[in-house]
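Pasting in a structure now, in structure tokens, and then I'll have a few things to ask.
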Amino acid sequence: EVTTYLQYPNRVRVETTIPGATIVQAYDGSRGWIKDPNGLHDVPAQTIRDLESGFKRDTVLLLLAAHDGSLRPRLLPDVRDDRGTLQHALELSSLTLDPVVLRIDPDTSLITSEIYVAGGVGRPLVQEQFSDYRTVDGVQLAFTARVQTAGQPSPERRATSIAVNP
């Protein structure tokens with residue numbers, strides 16, 4: 001069981017319960033640490049950079065950054081997904097963010113996937129597919145995400161509940 005607490009723009013706490021242990025990972029916007037059965041450990045610098053990159057690719061933060069002008073949006077030609085369904089494609093990038101492509105369902109305006117290169121040029125292509133949108137405090141949020149890295153699937157993430165400003 002995993003519980004994630006996310007505070008925008010860049011704070012996160014992840015509590016993972018496995019048989020016999022609870023692991024807590026936290027990031028406060030500049031430092032990160034892990035508490036596990038072996039004690040408390042600082043997170044390595046590369047992990048911090050990966051966390052920061054992940055925040056920059058968060059769909060909510062991407063859209064807010066595009067709205068305030070700190071990301072450059074570029075409309076790409078429409079594409080068809082694996083099932084042949086037409087999708088709008090929007091690329092977002094900046095000097096500090098490698099391009100991220102959002103695919104958007106033209107009928108619902110919901111983001112169906114996010115595509116990016118993990119860690120920059122020469123690294124694997126990652127595609128996150130979003131589904132099971134539900135309204136939470138007036139906002140449509142995806143409760144299911146499937147991630148493929150270099151074409152290899154990862155375990156599906158399913159949210160059981162999401163609270164906005166609890």
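Small disclaimer: the values here were computed from a predicted structure and weren't measured.
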> Is a side-chain donor-acceptor pair under 3.5 Å present for T3 with E15?
Replying inline: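 Their side chains do not contain a donor-acceptor pair, so the 3.5 Å distance test is not met.
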>> Would Q140 and T135 count as a side-chain hydrogen bond (donor to acceptor under 3.5 Å, both in side chains) here? Give the steps.
In response: CA-CA 4 Å; Q140 289 283 329; T135 303; 2.5 Å; yes
> Which value, rounded to the nearest 0.5 Å, describes the distance between T4 atom OG1 and R13 atom CZ?
Replying inline: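 Interatomic distance, T4 OG1 to R13 CZ, rounded to 0.5 Å: 11.0 Å.
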>> Are R31 and D42 packed together at the side-chain level, in the sense that at least one heavy-atom pair is separated by less than 4.5 angstrom?
In response: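 In contact.
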> Has the side chain of T112 got a donor or acceptor atom that lies under 3.5 Å from a matching backbone atom of R103?
Replying inline: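 Yes: the side chain of T112 pairs with the backbone of R103.
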> For the side chain of T149 and the backbone of Q152, is there at least one donor-acceptor N/O pair under 3.5 Å apart?
Replying inline: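 Flag not set: sc T149 to bb Q152 has no pair under 3.5 Å.
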>> Ignoring hydrogens, what is the shortest heavy-atom contact between G29 and E52? Give both atom names and the distance.
In response: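 The pair with the smallest heavy-atom distance is O-OE2, 4.3 Å.
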>> Would L102 and E91 count as a side chain to side chain contact (heavy atoms under 4.5 Å, CB included) here? Give the steps.
In response: CA-CA 6 Å; L102 301 179; E91 179 187 85; over 6 Å; no
>> Can you see whether S93 engages R72 through a side-chain donor-acceptor pair at a distance of less than 3.5 angstrom?
In response: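 Indeed, the side chains of S93 and R72 share at least one donor-acceptor pair under 3.5 Å.
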> Does the side chain of Y116 pick up a donor-acceptor pair with the side chain of Q127 at under 3.5 Å?
Replying inline: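 Judged by distance alone, the side chains do not pair up.
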> What do the steps show when you test E114 against T59 for side chain to side chain contact (heavy atoms under 4.5 Å, CB included), and what is the final call?
Replying inline: CA-CA 8 Å; E114 175 178 297; T59 53; 3.1 Å; yes
> Could you give the distance from NE2 (H88) to CG (D78), rounded to the nearest 0.5 Å?
Replying inline: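 Those atoms lie 5.5 Å apart.
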> Any side-chain heavy atom of Y27 within less than 4.5 Å of one from F55?
Replying inline: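 In short, these two side chains touch, coming nearer than 4.5 Å.
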>> Measuring from atom CZ of R146 to atom CD of E128, what distance do you get when rounded to the nearest 0.5 angstrom?
In response: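 Nearest 0.5 Å value for the CZ-CD distance: 13.0 Å.
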> For L6 and D58, what are the C-alpha separation, side-chain angles and deciding distance, and is it a side chain to side chain contact (heavy atoms under 4.5 Å, CB included)?
Replying inline: CA-CA 11 Å; L6 181 61; D58 178 271; 4.2 Å; yes
> Do the side chains of V100 and V60 join up, straight or via other hydrophobic residues, at under 4.5 Å, putting them in one cluster?
Replying inline: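 Result: no, two separate clusters.
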> In Å and rounded to the nearest 0.5 Å, what is the CD to OG distance from E156 to S131?
Replying inline: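 Reported to 0.5 Å precision, the distance equals 6.5 Å.
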>> Ignoring hydrogens, what is the shortest heavy-atom contact between R80 and L86? Give both atom names and the distance.
In response: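 Minimum heavy-atom separation between R80 and L86: NH1-N, 3.6 Å.
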>> Could you report the tightest heavy-atom contact between P73 and L71, atom names first, then the distance?
In response: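 Nearest heavy atoms, P73 then L71: CD-O, 3.2 Å.
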> Are there more than 12 heavy atoms of other residues, nucleotides or ligands under 6.0 Å from atom CD of Q46?
Replying inline: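 It does: Q46 CD has more than 12 such atoms within range.
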> Judged by atom type as modelled, is there a donor-acceptor pair below 3.5 Å linking the side chain of Y133 to the main-chain atoms of I111?
Replying inline: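 Yes; at least one donor-acceptor contact below 3.5 Å.
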> In the single-linkage hydrophobic clustering (I, L, V, M, F, W, Y; side-chain heavy atoms under 4.5 Å), do F130 and I162 co-cluster?
Replying inline: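 They do not share one cluster, since no chain of ILVMFWY contacts under 4.5 Å joins F130 to I162.
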> Are L110 and L92 connected in the hydrophobic side-chain network, where two residues link if heavy atoms are under 4.5 Å apart?
Replying inline: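 Linked within one cluster.
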> Should L63 and L141 be counted in the same cluster of Ile, Leu, Val, Met, Phe, Trp and Tyr side chains packed under 4.5 Å apart?
Replying inline: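 Not linked; separate clusters.
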> Can any side-chain N or O of K56 pair as donor or acceptor with the backbone N or O of D98 at less than 3.5 Å?
Replying inline: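 Side chain of K56 to backbone of D98, a donor-acceptor pair under 3.5 Å: no, none is there.
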>> Before you tell me yes or no, could you show the steps for V24 and V14 under side chain to side chain contact (heavy atoms under 4.5 Å, CB included), namely the whole-Å CA-CA distance, both residues' side-chain angles and the distance that decides it to 0.1 Å?
In response: CA-CA 6 Å; V24 178; V14 179; over 6 Å; no
> Rounded to the nearest 0.5 Å, what separation is found between the CZ atom of R11 and the CG atom of L51?
Replying inline: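 Reported to 0.5 Å precision, the distance equals 13.5 Å.
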>> Check for me, please, whether I48 and I34 land in the same ILVMFWY cluster - side-chain distances under 4.5 Å, paths through other members count.
In response: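 Yes, because I48 and I34 connect within a single hydrophobic cluster, where side-chain heavy atoms sit under 4.5 Å apart.
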>> Let me confirm one number: the CD1-CG distance from I23 to N38, rounded to the nearest 0.5 Å.
In response: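 That separation rounds to 9.0 Å.
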> What is the minimum heavy-atom distance between V101 and A89, and which atoms define it?
Replying inline: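 For V101 versus A89, the nearest heavy atoms are CG1-CB, 4.3 Å.
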> Can you tell if the side chain of I115 reaches within under 4.5 Å of the side chain of V126, non-hydrogen atoms only?
Replying inline: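 When only atoms from C-beta onward are counted, V126 and I115 do not touch, as no gap falls below 4.5 Å.
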>> So does T85 get a backbone contact from the side chain of D81, meaning a donor-acceptor N/O pair under 3.5 Å?
In response: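 Yes; at least one donor-acceptor contact below 3.5 Å.
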> At their closest point, which heavy atom of S94 faces which heavy atom of S70, and how far apart are they?
Replying inline: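 Closest approach of S94 to S70, heavy atoms only: CB-O, 3.6 Å.
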>> Checking the side chain of T47 only, and the main-chain atoms of V43 only, is there a donor and an acceptor separated by less than 3.5 Å?
In response: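 The answer is no, because no donor-acceptor pair under 3.5 Å joins these two groups.
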